[in-house]
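To keep things clear, I will list the structure first and then write my remarks on it.
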2 protein chains.
Amino acid sequence: MVTNMNTNQRFAISIHALTLLASSSTPLTSGMIASSVDTNPVVIRRTMASLREHGLVESKPGAHGGWKLLREPAQIGLYEVYRSLDEVNVLTVHGHPNKFCPVGGNITGVLQAVFDDAQSKMEKALGNYTIADVLKDVRKKANRSV
Amino acid sequence: MVTNMNTNQRFAISIHALTLLASSSTPLTSGMIASSVDTNPVVIRRTMASLREHGLVESKPGAHGGWKLLREPAQIGLYEVYRSLDEVNVLTVHGHPNKFCPVGGNITGVLQAVFDDAQSKMEKALGNYTIADVLKDVRKKANRSV
DNA sequence: CATATTTGTAACTATAATGGTTACAAATAT
DNA sequence: ATATTTGTAACCATTATAGTTACAAATATG
């Protein structure tokens, strides 16, 4: 049996939303983004709120409001998007091993160091991509102007 | 707020158990391992079953039974341990975006390629460590013979 | 052979993460 | 004024996960 270690879609949804904004000359509403992502507008607002807190987007309520980018798509790296969600530890150290066992009492720190190293390599890879790259690849697949 | 994307501790538990076995000259029971990990023996059996299916350990039921390594600790890489758990996708692409949107209809493949690249970098980093390395670092922290 | 030990595994529970949904106040443009 | 849109709390349903109980099957030893 093959399982996912992680069912959190917020990172994917964030990239999707930012790519939509990058492809649009006007602000997009939560409803429009939700329609493309196929979810509820509140899910979009919740996710976008994290991006707004980190200065990637801004929102405006009311008629003709919505979301827009605060930066050029080529200046938005996926690592920064990832960090904006305040989600860490794709690999998780177990909680409270037996302190009186020589292995149990010392393995937590060793594991955390290994996991931190592995994760930093992943994050570095994410940093090699920007929203502009994603949009370019999407357009390539769409094979027309999006 | 900072959250974990992942609460799955099986990888950490697996490394912990394998490190214990590497430190022991005799087989260890699920109960002994569970005591060091601080969990229930069934949790250990479930996790170890995956490692057994992948040829990393063997188990023997009955009196004086238990678990032992089938390979030298220096020959057990953490990437192989990770793969033995059949857990994939530390980054998850969202499920069913709108096919009729040019972005929604094409972003899934683009995201999967990016996530696969990021994950492969993480996996490569894990491959740089073995159970022998973990045991060595644990012993260094313990500052005595384990 | 009898007994104690240990794994194998099904079944169940509790907790937490997650996404989805409803509801409504506040802000905004026209 | 009115329609639109975000902000956010509250709640529900689903799923992943760890933990637990129970018991059959296998094994070593006296």
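Since the structure is predicted, the reported quantities are computational estimates derived from the model, not experimental observations. Letters A, B, ... are given to chains in the order of the sequence lines, protein chains preceding strands, and every chain is numbered from 1.
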If you compare all heavy atoms of A/I131 against all heavy atoms of A/L18, which two are closest, and at what distance to 0.1 Å?
CD1-CB, 3.6 Å
For the student: nearest non-hydrogen atoms of A/M48 and A/A17, plus distance
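A/M48 and A/A17 have their closest heavy atoms at SD-CB, 3.6 Å.
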Without placing hydrogens or testing angles, list every side-chain donor-acceptor pair under 3.5 Å for residues 27-36 of chain A, not counting sequence neighbours.
{"unit_1": "A/T29", "atom_1": "OG1", "unit_2": "A/G31", "atom_2": "N", "d": "3.4"}
{"unit_1": "A/T29", "atom_1": "OG1", "unit_2": "A/M32", "atom_2": "N", "d": "3.1"}
{"unit_1": "A/S30", "atom_1": "OG", "unit_2": "A/R45", "atom_2": "NE", "d": "3.4"}
{"unit_1": "A/S30", "atom_1": "OG", "unit_2": "A/W67", "atom_2": "NE1", "d": "2.9"}
{"unit_1": "A/S36", "atom_1": "OG", "unit_2": "A/H16", "atom_2": "NE2", "d": "2.7"}

Where does DNA chain C form stems of at least three consecutive Watson-Crick or G-U wobble pairs, each pair having both distances below 3.5 Å?
C:1-30 with D:1-30
Enumerate the residue pairs fulfilling ring-ring contact (aromatic ring centres under 6.0 Å, His included) with a member in residues 115-143 of chain B, sequence neighbours excluded, ordered by first and then second residue.
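For residues 115-143 of chain B, and leaving out neighbouring residues, the ring-ring contact (aromatic ring centres under 6.0 Å, His included) pairs sorted by first residue read A/F11-B/F115.
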In residues 46-62 of chain A, which ones come under 4.0 Å of DNA chain D, going by heavy atoms?
A/R46, A/R52, A/S59, A/K60, A/P61, A/G62
Joint hydrophobic cluster, B/L51 plus B/V42, side-chain heavy atoms closer than 4.5 Å:
no
Any side-chain to backbone donor/acceptor pair from A/S24 onto A/L21? Under 3.5 Å, distance only.
no
Tell me whether the OP1 or OP2 atom of [N] has a side-chain N or O from [X] closer than 4.0 Å.
X	N	value
B/S30	C/dT6	no
A/R10	C/dG19	yes
A/H64	C/dT30	yes
A/R45	D/dT6	yes

Pairs touching residues 69-79 of chain A that satisfy side chain to side chain donor-acceptor pair (under 3.5 Å), sequence neighbours left out:
A/R71-A/E80
Give a yes-or-no answer on whether the side chains of A/T92 and A/N89 include a donor-acceptor pair shorter than 3.5 Å.
no
Quickly work out the [X] [atom1] to [N] [atom2] distance and round it to whole Å.
X	N	atom1	atom2	result
B/N8	D/dG19	CG	C1'	14 Å
A/H94	D/dG19	NE2	P	10 Å
A/Q9	C/dG20	CD	C1'	11 Å
B/I13	D/dA16	CD1	C1'	14 Å

One thing to verify: whether A/D137 and A/K141 come together as a salt bridge, which I'm taking to mean a side-chain N less than 4.0 angstrom from a carboxylate O.
no
One thing to verify: whether A/E123 and A/R83 come together as a salt bridge, which I'm taking to mean a side-chain N less than 4.0 angstrom from a carboxylate O.
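Looking at A/R83 and A/E123, the cut-off is met.
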Starting from the 5' end of DNA chain C, give me the residue, B/L28 or B/H96, whose nearest nucleotide shows up first.
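This one resolves to B/L28.
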Which nucleotide sits closest to the side chain of A/T29: C/dA29, D/dT6, C/dG19?
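Among the listed nucleotides, the one closest to the side chain of A/T29 is D/dT6.
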Could you identify which residues of residues 31-44 of chain B place a heavy atom less than 4.0 Å from some atom of DNA chain C, listed by residue number, or say none?
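When residues 31-44 of chain B is checked for heavy atoms under 4.0 Å from DNA chain C, the hits, listed by number, are B/V42.
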Given the rule in the side chain to side chain donor-acceptor pair (under 3.5 Å) test, do A/S59 and A/R52 qualify, once you have shown the distances and angles that lead to the verdict?
CA-CA 8 Å; A/S59 60; A/R52 183 184 51 217; 2.9 Å; yes
